[in-house]
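Reading through the structure tokens given below for one structure.
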Amino acid sequence: MIRIKKSSVAPAILKAAGVAAARQAREVRYDANPAACRAPGNRLLNVPATLYNHASVKQKLIAAQKEKCCYCEGKLLAVGYGEVEHYRPKNGFKQGTGLPLEKPGYYWLAYEWDNLLFTCKRCNGGHKRNFFPLANHPAGRAYSHHDTLAREQPLLLHPAHDDPAAHIGFRRAVAVAKTPRGKATIQLCGLNRKHKLERRRTHLAHIESHDSLADLNIGTMPAADLAREVAKCGSAQALVRRIVQAKTIRDQAAFNRAEYAGMVRANLPHLPLR
């Protein structure tokens, strides 16, 4: 998980009259009967996906996040479509595992650009879902559009506002918590789930193999070592090409667009950032 840079300018669809009307309708409905809107299981303020899930919203999020899930940093488009995720859940929230779904959700933020992120199905639907724990729940919770979000103390990191590296580190491929918020985010998003962990281990081994090769200097290598490396590649020219290629792959492994850049940066801090 790394910090992402989102434009402050929302897609045009989120500024359309229909979005403003949809938000206003839910605010009026809440004000008419707050108790009914907070009743367990009610669907009075549920938000359809037709507007926030618009193609233009997806495309802008995909571009900002370099085609990666904002939580696990897996590349999305090669294996699926990804999902528009609400950082603060729109239809209801859970403070923790085993606790009930509370109503309403953050209905007034359903179309807010700042509340929208792009995620993989595993992080969002399989793990985070409706969880949104606060360190100061329930006193600090914003339950309606009349409440201020400033008093909330979310445990889940927001990748566009927080610096994940200050909260989450890596022991090889394993995500480890530096802070309570880091611990909560690792758990909420399943960042150490089995298949994700295997994928990160494979990726790290791949980058480290290129790191070793990239540092070879054929001008200063002992003759025996040089002969061995040339034999592996077939010729001295082929070895030079492999070294150049390895350096390119290695040096781009920590770029913002690179898969699992957060893990790579933690393990290979000498690599350039961009």
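All values reported here derive from a predicted model rather than from experimental measurement.
- For the residue pair His86 and Asn91, no side-chain donor N or O sits within less than 3.5 Å of a side-chain acceptor on the partner.
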Would Arg172 and Arg201 count as a side chain to side chain contact (heavy atoms under 4.5 Å, CB included) if you check the C-alpha gap in whole Å, the side-chain angles of each, and the deciding distance to 0.1 Å?
CA-CA 8 Å; Arg172 303 294 294 159; Arg201 284 184 179 130; over 6 Å; no
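- Phe118 is not listed as a side-chain neighbour of Cys70, based on a closest heavy-atom distance of 4.5 Å or more.
- Residues Asn46 and Arg26 bring no donor and acceptor atom of their side chains to less than 3.5 Å of each other.
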Can you check side chain to side chain contact (heavy atoms under 4.5 Å, CB included) on Arg122 and Cys72, steps first, answer last?
CA-CA 9 Å; Arg122 287 292 182 90; Cys72 74; over 6 Å; no
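- Partners of Asn33 under the side-chain hydrogen bond (donor to acceptor under 3.5 Å, both in side chains) rule, at least two apart in sequence or in another chain, do not exist in this structure.
- Taking the six-membered ring where tryptophan is involved, the planes of His137 and Phe93 are perpendicular, since the angle between them exceeds 60° and thus also 30°.
- The shortest distance between side-chain heavy atoms of Tyr71 and Leu156 falls below 4.5 Å.
- When atom types are taken as modelled, the side chain of Trp108 and the backbone of Lys90 share no donor-acceptor pair closer than 3.5 angstrom.
- Atom CZ of Arg129 and atom SG of Cys189 lie 11.5 Å apart (nearest 0.5 Å).
- By the 30° and 60° cut-offs, the orientation of the rings of His203 relative to His206 is tilted.
- Contact check for Pro100 versus Lys94: no side-chain heavy atoms found under the 4.5 Å cut-off.
- Considering only heavy atoms from C-beta on, Leu45 comes within 4.5 Å of Tyr30 through its side chain.
- The side-chain hydrogen bond (donor to acceptor under 3.5 Å, both in side chains) test with Asp114 is passed by exactly one of Arg88, Lys6, His161: His161.
- Glu67 is not listed as a side-chain neighbour of Leu76, based on a closest heavy-atom distance of 4.5 Å or more.
- Lys68 contributes a side-chain N or O that, together with a main-chain N or O of Ala258, makes up a donor-acceptor pair within less than 3.5 Å.
- A continuous path of hydrophobic side-chain contacts links Leu116 to Ile13 [ILVMFWY only; heavy atoms under 4.5 Å].
- The two residues Ala238 and Ser235 have their closest heavy-atom pair at N-OG, 3.1 Å.
- Hydrophobic clustering, with ILVMFWY side chains joined whenever heavy atoms are under 4.5 angstrom apart, groups Trp113 together with Ile62.
- Summarising the geometry, atom CZ belonging to Arg242 is positioned 5.0 Å from atom CG belonging to Leu213; distances are rounded to the nearest 0.5 Å.
- Between the side chains of Tyr52 and Glu112, no donor-acceptor pair of N or O atoms lies under 3.5 Å.
- Ring-plane geometry between His158 and Tyr87 is classed as tilted, the angle between the planes lying from 30 to 60 degrees on a 0 to 90 degree scale.
- Formation of a donor-acceptor pair under 3.5 Å by the Asn42 side chain with backbone atoms of Ala39 is found in this model.
- The side-chain heavy atoms of Leu109 and Leu149, taken from C-beta on, include a pair separated by under 4.5 Å.
- Remark: Arg199 pairs with Glu259 by the salt bridge (charged side-chain N to carboxylate O under 4.0 Å, His left out) rule, at least two apart or across chains.
- Put simply, NZ on Lys232 and CG on Leu239 are 9.5 Å apart, with the number rounded to the nearest 0.5 Å.
- The main-chain N or O of Ile4 is never found under 3.5 Å from a side-chain atom of Lys66 such that the two would form a donor-acceptor pair.
- Side-chain polar atoms of Lys196 and Tyr260 form a donor-acceptor pair below 3.5 angstrom.
- Taking hydrophobic clusters as Ile, Leu, Val, Met, Phe, Trp and Tyr residues chained together by side-chain heavy-atom distances below 4.5 Å, Val9 does not share a cluster with Leu61.
- Atom SG of Cys37 and atom NZ of Lys103 lie 10.0 Å apart (nearest 0.5 Å).
- Between the side chains of Ser144 and His146, not a single donor N or O lies within less than 3.5 Å of an accepting N or O.
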Please evaluate residues His127 and Leu188 with respect to the criterion side chain to side chain contact (heavy atoms under 4.5 Å, CB included), reporting the C-alpha separation (whole Å), side-chain torsions for both, the decisive distance (0.1 Å), and the verdict.
CA-CA 6 Å; His127 291 274; Leu188 286 168; over 6 Å; no
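- Heavy atoms of other residues, nucleotides or ligands lying less than 6.0 angstrom from CD of Gln24 number 12 at most.
- To the nearest 0.5 Å, the span separating CZ on Arg265 from CG on Leu273 amounts to 5.0 Å.
- A single hydrophobic cluster is seen to contain both Leu51 and Leu14, as judged by linkage of ILVMFWY side chains at heavy-atom distances under 4.5 Å, directly or through other members.
- Remark: side-chain polar atoms of Asn136 are paired, donor with acceptor, to backbone N or O of Gln153 under 3.5 angstrom.
- Between Leu117 and Gln65, the closest side-chain pair of non-hydrogen atoms falls below 4.5 Å.
- Of all the heavy atoms in Lys5 and Ala64, the pair that sits closest is O-CB, 3.6 Å.
- Heavy atoms only, all atoms of each residue included: Phe131 and Pro89 are closest at O-CG, 4.2 Å.
- For Glu27, the side-chain hydrogen bond (donor to acceptor under 3.5 Å, both in side chains) partners are Arg23, not counting sequence neighbours.
- Between Glu83 and the options Lys128, Lys121, Lys58, a salt bridge (charged side-chain N to carboxylate O under 4.0 Å, His left out) holds for only Lys121.
- With hydrophobic clusters built from ILVMFWY side chains whose heavy atoms lie under 4.5 angstrom apart, Leu204 does not share a cluster with Leu197.
- Aromatic pair Tyr107/His145: ring centres closer than 6.0 Å.
- The shortest heavy-atom contact between Leu271 and Ala253 is CD1-CB, 4.2 Å.
- The side-chain hydrogen bond (donor to acceptor under 3.5 Å, both in side chains) contacts involving residues 176-186 comprise Asp162-Arg181, His167-Thr179, where partners must be two or more places apart or lie in separate chains.
- Distance check: Lys75 NZ to Cys69 SG gives 12.0 Å after rounding to the nearest 0.5 Å.
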Residues Asn192, Ile186; criterion side chain to side chain contact (heavy atoms under 4.5 Å, CB included); working and verdict
CA-CA 7 Å; Asn192 284 329; Ile186 291 169; 3.7 Å; yes
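- Scanning all heavy atoms of the two residues, the minimum distance from Asp211 to His270 falls at OD1-NE2, 3.3 Å.
- Arg151 contributes no side-chain N or O that, together with a main-chain N or O of Asp147, makes up a donor-acceptor pair within less than 3.5 Å.
- A donor-acceptor contact shorter than 3.5 Å is absent between the side chain of Arg274 and the backbone of Phe255.
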Using distance only, find each side-chain donor-acceptor pair of residues 215-223 under 3.5 Å and give its atom names and separation, not counting sequence neighbours.
from	atom 1	to	atom 2	distance (Å)
Asp215	OD1	Arg250	NH1	3.4
Asn217	OD1	Gly219	N	2.9
Thr220	OG1	Asn217	O	3.4

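- Among residues two or more places apart in sequence or in another chain, the side-chain hydrogen bond (donor to acceptor under 3.5 Å, both in side chains) test is passed with Gln95 by Arg141.
- In terms of heavy atoms, Val57 sits closest to Pro11 at CA-CG, 4.0 Å.
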